[in-house]
Amino acid sequence: MGKGYYISKPLAITVVLLAAVAIITIIALSIVYSKEKAKNELKLNNGTTSPVPPTKPPSNEPWDKYRLPDKLSPIYYNVTLWPQLTMDSQGMYIFTGESGVAFTCVRETDLILIHCHKLNLTFFEGRHAKLIGMNNTKAPAIRKTWFQEETQYLVIQLKGTLKPGMVYWLYAEFRGELADDLEGFYRSEYEEDGVKKVLAITQMQATSARKAFPCFDEPAMKAIFQITLIHMPGTIALSNSRDLGSESLKMRDQDVIRTRFEPTKRMSTYLVAFIVCEFTYTSKQKDDMDVMVRIWARKNAIEEGQGDYALRITQPILEFFEKYYNTSYPLSKSDQIALPDFNAGAMENWGLITYRETALLFDPQTSANGNKQRIVTVVAHELAHMWFGNLVTLKWWNDLWLNEGFASYVEYLGADYAEPTWNMKDQIVLYDIYRAFAVDSLVSSHPLSCNEEEVNTPAEITQMFDTISYSKGAAVLRMLSQFLTEPVFVKGLSTYLNQFAFASSTYSDLWDHLQKAVDKTPSLKLQHSVHDIMNRWILQMGFPVITIDTQIGNVSQKHFLLEPNSVVERPSPFNYEWYVPIKWMKSGVEQEQLWLFQKSATYKPLKARKGEWVLANLNVSGYYRVNYDLENWEALLNQLTTNHQKIPVINRAQILDDAFTLARASIININLALRVTKYLSKEREYIPWEAALRSLNSLFNVFERNEVYGPMQAYLRKQVKPLFDHFTSVTSNWTTVPAGHTDQFTQIIALSLACSTGVQGCRDLTKHWFSQWMQDPEHNRIHPNLRSTVYCNAVAEGGVEEWDFCWKMFKKATVAAEAVKLRSALSCTNQPWLLNRFLEYTLDPEKIRKQDATSTIGSIAYNVVGQPLAWDFIRSRWEYLFKVYGTGSFGFARLINDITAKFCTPFELHQLKQFQKDNADVGFGSASKALQQAIEKTTARIKWLAENKEPVLKWFLSETM
């Protein structure tokens, strides 16, 4: 993370003592400040602020660099904020505030740089802040102050120097806009019982704390925060720690409430959170300790019980992680709050986790089984961060993968503990490993951990929040835990968390502790160290394809690329070779694990006799793909055809996904991959079917607009009909849902694929259900699990009447999960004018919330009719979209992926490159890498389509005659 410094235990104790002294001193100084505050109250009230000078040209000066110098170290912040939840006379929502930070001088300097962005600071004797020495230290006078807009600093030049080891206090007063931009300290609006409500909320990650108060806004710059919030009667205030109580008083002729909060633990600025709202909560006290657990949301949502499921699972998940980490939950409370407007899915603010409503609220009457699974995994992900990420934080954003990859791995363990019958641990293969493979097979991918110098600007930092950091991070950490064994893995985690608690670290520190755990486990023999093995997986991008020749027992590795002839420009410290753990079986019997430490090797046990088959990467425990000699592929296909259940469920999915991906890379023949799907008519398990659909989706993307599409549909109709008939039988003609958790997901696949391929009776069924609802809007009898499919099919088959009804129900929806289903269905229409109208709605926050705009455009682009409309739309409005979403939106990169997913012609590639040129002056911000990847993927699709269109068409025709 940040360009920090190691803090030893003795120094840590000293810092804590200094913090205590600082608190006492601050209280004493408050008397002195009170007179000064009174003088400045009028200034703050009238908005008298400093003008912002023009940005200076780049230089080698410290204020023109994006990273803070390592000369100052914050100890303690005291922040008071007053958000106004009503418009002022200029039609704006504003907040006022005052903040102070006690910091230690580490190295002598005559300069203070502190992050401050979009805040108007009050003048003190012509300067933007006041500097005071603490503990009888004399502070130098301020020579000059100004804002450096590009690097987002308040620059304070001093007449003298700050002395090493001395503690100083920097104080500022300011005003800011409580905008609806979903960043920093912002506002959200909703309607409840016909009344418009406004709340003030925060989203600081990654670089937005500076928009709320001046701060040293880097993750390694940890400090203690004491927050005070001033708010109107009838509202409540929340922050990271428990409140110390509230008092009523009058300020600026207004009746207000002042709520003070306990000092936080030592933490990073991006984890600071505070909220003022009219919400209520449901709560539970943990039985074995004094930890208060509360779920907050809109009053109606809590009264309807939508927070009950999250409350039920939070306690067991916390208990699981306490045991897993062998470390008690670090705080005295765990607040989780569902917000109407929130850009990310959720945010792990320490003690006050914020969520989209869809990620926390569950209504049994309208929410689907999938909504419940999303809640348990997101809650587990965020609670995992309370230790890994919050208690111990990475020093700089170039190592974000360790925070997010770790949480993305253990979320499945926490969810499995809370819902033990759901088979959650296996689903990481679908939702993370295969997602990572898709991006990491491109030359425009990047290593998990890159040099700090590659990640500087806010846009570059935001780009790190991608599939590689989350999903590949999860995959390689899962692989690590598998070959170390979970007991050894968690033993190393525990000592790591204990040593670096309330501090920051790097990935190599974790490797050190895992190696110590290995050294203390005599039964675990590793030929190479944890560092040597894992650095090959995190310091070079990509992954290998392992090729096994079962005729001679040879195994080899090669860097897998979707386009094998691509030029890899990024150098690798390991020449794109990996140390590969290979779990495998022979004809259904698991064998002893092998390691591949070089390009190729021969292992006699891999040699197969006639009638035997070899299956490598058992349960997809390793982060690599597998190819075989043709004889072994044929043996596996024969096994799938005769008795597919002899191959583990996850590996049936693996065979499908590997085969199609290897065919897309021209490593195996596409006919071989297509033949794997023939067994699907017998398959009833969710994971293989989902893997098959994702693999076939790549074919849909390239064939949806040409003559292959019809025969492909006919073939898939034949394959899915037995599954559709199966569920027709076991659900009493679709009147019930299966009992099993994943069986309910398979039922959805059966209905969706059957309707999209034209299985007789399917579309009539969905039209009938939707028509019944239109006739009686107050009673929706469609099962929540099936609503997404039913709504989409009905809107696609219908016209303006169905679309308008769906829009009306969307605007009336009071459950966020139901609103998402309806919003998605609106993009399914085949009427271009309706799709264009819907695209225009994304520009109006009154119609489509800003948090949902980019995903709505992406959903329209998924529709073959809507794709060219969406492409034209973003090209014509790129400047606006970039301004609103380009730097801080985590979904902005996904917009590029969604829009270009079907690009497969030279003309579309030309358009894409022209789009890149035309908007070079505007920029692409957090979507820059996504644009590079879109160009690469489009190029690969064009080449693949030219080589494979005819054989694919012939194969589908032969199978449907």
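What you see is a predicted model; the values in this text were computed from it and never measured.
- A donor-acceptor pair is defined here as one N or O able to donate and one able to accept, closer than 3.5 Å; such a pair exists between the side chain of Ser469 and the backbone of Met464.
- In terms of modelled atom types and a separation under 3.5 Å, the side chain of Lys222 and the main chain of Ala503 share a donor-acceptor contact.
- The aromatic rings of Phe321 and Trp387 lie tilted to each other, with the angle between the two planes from 30° to 60°.
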Decide yes or no on salt bridge (charged side-chain N to carboxylate O under 4.0 Å, His left out) for Glu453 and Arg67, but give the supporting numbers first.
CA-CA 10 Å; Glu453 294 75 23; Arg67 297 292 300 278; over 6 Å; no
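- The closest donor-acceptor contact from the side chain of Gln654 to the backbone of Val620 lies at 3.5 Å or more, if one exists at all.
- Under the side-chain contact (heavy atoms from CB on, under 4.5 Å) rule, Lys583 has a single partner from Leu615, Leu594, Leu618, which is Leu618.
- In this structure, the side chain of Glu936 engages the main chain of Val443 through a donor-acceptor pair within 3.5 Å.
- A donor-acceptor pair is defined here as one N or O able to donate and one able to accept, closer than 3.5 Å; no such pair exists between the side chain of Lys607 and the backbone of Thr602.
- Between Leu510 and the choices Leu493, Asp399, Val392, the side-chain contact (heavy atoms from CB on, under 4.5 Å) rule is met once, by Leu493.
- Here Phe500 contributes atom CZ and Asp509 contributes atom CG; the two are 3.5 Å apart, rounded to the nearest 0.5 Å.
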Walk me through it: do Lys323 and Val490 pass the test side chain to side chain contact (heavy atoms under 4.5 Å, CB included)?
CA-CA 10 Å; Lys323 294 173 187 173; Val490 297; over 6 Å; no
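- Under a 3.5 Å cut-off, the side chain of Tyr412 and the backbone N or O of Thr377 do not form any donor-acceptor pair.
- Looking at heavy atoms from C-beta onward, Arg664 lies in side-chain contact with Ser698 at the 4.5 angstrom threshold.
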Would Phe597 and Glu577 count as a side chain to side chain contact (heavy atoms under 4.5 Å, CB included) if you check the C-alpha gap in whole Å, the side-chain angles of each, and the deciding distance to 0.1 Å?
CA-CA 8 Å; Phe597 294 117; Glu577 292 181 23; over 6 Å; no
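- In terms of heavy-atom proximity, Ala418 sits nearest to Ile317 at CB-CG1, 3.9 Å.
- For Tyr628 and Trp613, the ring centers are positioned 6.0 Å apart or more.
- Side-chain contact check for Leu413 versus Glu486: some heavy-atom pair is nearer than 4.5 Å.
- Taking the six-membered ring for Trp and thresholds of 30 and 60 degrees, Trp401 and Tyr507 have ring planes inclined between 30 and 60 degrees apart.
- Taking the six-membered ring for Trp and thresholds of 30 and 60 degrees, Tyr623 and Phe437 have nearly parallel ring planes, at less than 30 degrees apart.
- Here Ile546 contributes atom CD1 and Ser600 contributes atom OG; the two are 10.5 Å apart, rounded to the nearest 0.5 Å.
- What you find for Trp537 and Pro581 is that their closest heavy atoms are CZ2-CD, 4.5 Å.
- Residues Leu539 and Ser449 come closest through the heavy atom pair CD2-O, 3.9 Å.
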Can Leu402 and Thr506 be said to form a side chain to side chain contact (heavy atoms under 4.5 Å, CB included), step by step?
CA-CA 9 Å; Leu402 193 49; Thr506 67; over 6 Å; no
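- Residues Ile468 and Leu448 have side chains in contact (heavy-atom distance under 4.5 Å, counting atoms from C-beta outward).
- The backbone N or O of Ala384 sits nowhere less than 3.5 Å from a side-chain atom of Glu348 that would complete a donor-acceptor pair.
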Carefully, step by step, assess Arg652 and Glu683 under the rule salt bridge (charged side-chain N to carboxylate O under 4.0 Å, His left out).
CA-CA 10 Å; Arg652 302 204 295 267; Glu683 183 64 82; 2.7 Å; yes
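- The closest side-chain heavy-atom distance from Asp466 to Val439 is not below 4.5 Å.
- Both tests pass for Arg536 against the ring of Tyr579: distance under 6.0 Å to the centre and angle within 45° of the axis.
- Remark: aromatic rings of His385 and Trp350 are distant, center separation not under 6.0 Å.
- A side-chain donor-acceptor contact under 3.5 Å links Asn632 to the backbone of Val614.
- From Gln598, atom CD reaches atom CH2 of Trp578 across 15.0 Å, with rounding to the nearest 0.5 Å.
- Side chains of Tyr434 and Thr661 form no contact here, defined as non-hydrogen atoms less than 4.5 Å apart.
- Scanning both residues, Cys450 and Asn398, for their nearest heavy atoms gives O-ND2, 2.8 Å.
- When all heavy atoms of Asp440 and Gly542 are compared, the pair lying nearest together is OD1-N, 3.0 Å.
- Crowding of Lys558 atom NZ: a count of heavy atoms from other residues, nucleotides or ligands under 6.0 Å not exceeding 12.
- Among Ile650, Asp416, Asn619, the one residue that satisfies the side-chain contact (heavy atoms from CB on, under 4.5 Å) test with Asp426 is Ile650.
- Nearest approach of Ala475 to Ile433, heavy atoms of both residues: CB-CG1, 3.8 Å.
- Classification of the Tyr409-Phe489 ring pair by plane angle, with boundaries at 30° and 60°, yields perpendicular.
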Are Gln373 and His741 close enough, and set up right, to give a side chain to side chain donor-acceptor pair (under 3.5 Å), and what steps lead you there?
CA-CA 9 Å; Gln373 178 169 300; His741 177 71; 2.6 Å; yes
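- Rounded to the nearest 0.5 Å, atoms CG (Asn897) and CD (Gln933) are 6.5 Å apart.
- Note that the OG1 atom of Thr521 and the CG atom of Leu484 stand 9.0 Å from one another [nearest 0.5 Å].
- The environment of Lys265 atom NZ is sparse: at most 12 non-hydrogen atoms of other residues, nucleotides or ligands sit within 6.0 angstrom.
- Between Tyr270 and Trp397, a ring centre-to-centre spacing shorter than 6.0 Å is recorded.
- Separation of atoms CD (Gln315) and CG (Leu318) is listed at 8.0 Å; rounding is to 0.5 Å.
- You'll find the ring centres of Phe388 and Tyr496 inside the 6.0 Å limit.
- Under the 3.5 Å distance criterion, with hydrogens and angles disregarded, no donor-acceptor pair is assigned to the side chains of Asn423 and Gln427.
- Within the 3.5 Å criterion, the main-chain N or O of Asp532 finds a donor-acceptor partner in the side chain of Ser529.
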Give the C-alpha distance, both sets of side-chain angles, the deciding distance and a yes or no for side chain to side chain contact (heavy atoms under 4.5 Å, CB included) between Leu480 and Leu514.
CA-CA 10 Å; Leu480 173 61; Leu514 291 172; 3.6 Å; yes
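- Here the side chain of Asn617 pairs a donor or acceptor atom with the backbone of Tyr624 at under 3.5 angstrom.
- Looking at residues two or more places apart in sequence or on another chain, you find a salt bridge (charged side-chain N to carboxylate O under 4.0 Å, His left out) between Arg694 and Glu690.
- In this model, no donor atom of one side chain and acceptor atom of the other lie less than 3.5 Å apart for Glu454 and His446.
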